[in-house]
Trainee: 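A single structure is presented below for examination.
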Amino acid sequence: MRPQRFYGWRIVTALAVTETVSWGVLYYAFAVVHVPMRAELGLSAATTAGAFSVMVLVTGLAAVPVGRWVDQHGARGLMTAGSLAAVALVVAWSRVHTATGLYLVFAGIGLVSAAVLYEPAFAVVVRWFVSGRRRALLAVTVVAGFASTIFLPVSDALVRSTGWRDALLVLAGLLAVTTVLPHALVLRRDPADLGLRPDTLATATGEVVFVGYGIRAPEWRW
C-alpha cells in the first residue's frame, strides 16, 4: 500500500493558494482600484497613497503581537479570523465615500494583513518542516509571487467591466471562497496535533529519522 503523504504538504498547498489570493486582493488590487476611486471621490494622489502607507505601517506595527500570538496559540484561528475580517474590510472599502473612511478601512486592512500574509504562514511551515523546510517555504513564496501577475490584470478587467466598487465586491467574494475555509479546515498548529512529528528529526544519537509520509516518529530530543 502506498504510504500516506506527509500532511504538512497539504498545509503548504493551502497556504500557497491563500497567500496568492490574499496578496492579490489586499495589496496589489490597490494599484488598479485607486485611479478610478480617486477620480470618483475627488481625492488627490497623495491622499490615496497615504491610506496605503497607513496600511503598510499598521501591518508592521502589528507584526510583533501577531508573532507572539502565533507562538502561543498557533496560526489557525488567527488566519481564519483574519480572512473573515479581510473580506468584511474589502466590502467596506467598496463602500467608502470620504478620505476618513478610506483611512479607517486601510488601517483595518493593515491589521488583518499582519494576520494573513507571509509572517504567520511561514511560522506554520517552520513548525511542520525540518529537512523539507526550504522547499516548503520556497513553494509558498514562488506560488504567491504570481499574485501581482494574476491580480493586476484581473482587477483591471473587473474595474473596466463593473466599476471599482463592484470589482472590490467580486474580489471580496473570491477572498471569502478561497481563504476562509482552507485556513479553518487545513491548518494545524503543530504536527503533534495529528500525532505526527516534523518531516525529519534529529535523535539523541544524531541519527536523522525520516517521517515525511506521516510515520509516527520515536521519542526523541535535540
Side-chain angles (χ1 to χ4, degrees), residues 1-27 59-60 62-86 111-147 150 175-222:
M1 185 175 69
R2 186 177 179 179
Q4 182 180 1
R5 186 168 176 81
F6 182 48
Y7 187 87
W9 291 109
R10 187 179 301 179
I11 292 176
V12 167
T13 301
L15 288 174
V17 173
T18 63
E19 289 302 301
T20 302
V21 178
S22 295
W23 276 102
V25 175
L26 300 179
Y27 192 89
T59 300
V64 173
V66 164
R68 290 174 178 169
W69 175 273
V70 171
D71 284 343
Q72 295 177 6
H73 306 285
R76 182 183 183 186
L78 179 72
M79 296 187 78
T80 302
S83 295
L84 287 168
L111 186 61
V112 299
S113 293
V116 300
L117 295 185
Y118 278 147
E119 287 78 5
F122 287 165
V124 173
V125 172
V126 167
R127 277 187 175 270
W128 275 82
F129 289 88
V130 178
S131 73
R133 183 175 295 168
R134 290 183 180 180
R135 288 189 296 123
L137 291 172
L138 183 63
V140 175
T141 306
V142 168
V143 175
F146 286 97
I150 296 169
L175 195 65
V177 169
T178 58
T179 66
V180 176
L181 286 181
H183 286 158
L185 300 180
V186 179
L187 297 190
R188 295 294 186 273
R189 177 184 180 185
D190 193 272
D193 293 346
L194 299 180
L196 302 173
R197 299 290 191 186
D199 58 338
T200 58
L201 303 168
T203 66
T205 63
E207 179 187 1
V208 174
V209 180
F210 178 65
V211 291
Y213 288 92
I215 301 171
R216 270 59 178 176
E219 293 298 321
W220 63 281
R221 59 185 178 182
W222 293 101

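Scope of the values below: all heavy atoms of this structure, side chains included, with no hydrogens, waters or symmetry mates.
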Trainee: Kindly give the heavy-atom pair with the smallest separation between Pro120 and Ala115, and that separation in Å.
Mentor: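 Minimum heavy-atom contact is CG-O, 3.4 Å.
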Trainee: For Ala184, is there any backbone N or O sitting under 3.5 Å from a side-chain donor or acceptor partner on Thr80?
Mentor: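 Such a contact is found between Thr80 side chain and Ala184 backbone.
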Trainee: Is a donor on one side and an acceptor on the other found under 3.5 Å between the side chain of Arg134 and the backbone of Ser131?
Mentor: no
Trainee: For residues Val112 and Gly82, report the shortest heavy-atom separation together with the two atoms involved.
Mentor: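 Shortest heavy-atom contact: CB-O, 3.8 Å.
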Trainee: Closest heavy-atom contact between Ala114 and Ala62?
Mentor: CB-CB, 3.7 Å
Trainee: What I'd like to find out is whether the side chain of Val124 reaches to under 4.5 Å of the side chain of Leu15, using heavy atoms alone.
Mentor: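 They are in contact (side-chain heavy atoms under 4.5 Å apart), so the answer is yes.
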Trainee: Between Thr18 and Val116, does the side-chain contact (heavy atoms from CB on, under 4.5 Å) criterion hold? Intermediate values first, please.
Mentor: CA-CA 8 Å; Thr18 63; Val116 300; over 6 Å; no
Trainee: Tell me, yes or no, whether the heavy-atom count around Phe122 atom CZ, taken from other residues, nucleotides or ligands under 6.0 Å, exceeds 12.
Mentor: yes
Trainee: Quick test of your reading: applying salt bridge (Lys or Arg N to Asp or Glu O under 4.0 Å), list the pairs with at least one residue in residues 69-84, sequence neighbours left out, ordered by first then second residue.
Mentor: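 Applying salt bridge (Lys or Arg N to Asp or Glu O under 4.0 Å) to every pair that reaches into residues 69-84, excluding sequence neighbours, yields nothing.
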Trainee: For the residue pair Tyr7 and Trp128, categorise the inter-ring angle as parallel (less than 30°), tilted (30 to 60°) or perpendicular (more than 60°).
Mentor: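 Tilted, since the angle between the ring planes falls between 30° and 60°.
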Trainee: Can you name the residues that form a side chain to side chain contact (heavy atoms under 4.5 Å, CB included) with Ala123, not counting sequence neighbours?
Mentor: Val70
Trainee: Taking only residues two or more places apart in sequence, or in another chain, which ones meet Val177 in a side chain to side chain contact (heavy atoms under 4.5 Å, CB included)?
Mentor: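 Per chain and number, Val177 pairs via side chain to side chain contact (heavy atoms under 4.5 Å, CB included) with no residue.
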Trainee: With a 4.5 Å limit on heavy-atom distance, are the side chains of His73 and Leu78 in contact?
Mentor: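 When only atoms from C-beta onward are counted, Leu78 and His73 do not touch, as no gap falls below 4.5 Å.
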Trainee: Can you list everything that forms a side chain to side chain donor-acceptor pair (under 3.5 Å) with Ser113? Sequence neighbours excluded, please.
Mentor: none
Trainee: Got a sec, which residues hit side chain to side chain donor-acceptor pair (under 3.5 Å) with Asp190, two or more places apart in sequence or on another chain?
Mentor: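 Counting only residues at least two positions away or on another chain, Asp190 forms a side chain to side chain donor-acceptor pair (under 3.5 Å) with Arg127.
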Trainee: Would you call Leu175 and Ser83 a side-chain contact if the rule is heavy atoms closer than 4.5 Å?
Mentor: no
Trainee: Listed by chain and number, what are the side chain to side chain contact (heavy atoms under 4.5 Å, CB included) partners of Glu19, not counting sequence neighbours?
Mentor: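 Side chain to side chain contact (heavy atoms under 4.5 Å, CB included) list for Glu19, sorted by chain: Trp23, Met79, Leu117, Tyr118, Ala121, Val140, Ala144.
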Trainee: Is there a donor-acceptor pair under 3.5 Å between the side chain of His183 and the backbone N or O of Thr179?
Mentor: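 Yes: the side chain of His183 pairs with the backbone of Thr179.
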Trainee: Is any side-chain heavy atom of Arg10 less than 4.5 Å from a side-chain heavy atom of Val186?
Mentor: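 A side-chain contact exists here, since the closest heavy-atom pair is under 4.5 Å.
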Trainee: Can you sort out the partners of Leu138 under side chain to side chain contact (heavy atoms under 4.5 Å, CB included), two or more places apart, ordered by chain and number?
Mentor: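 Listed in chain order: Val142.
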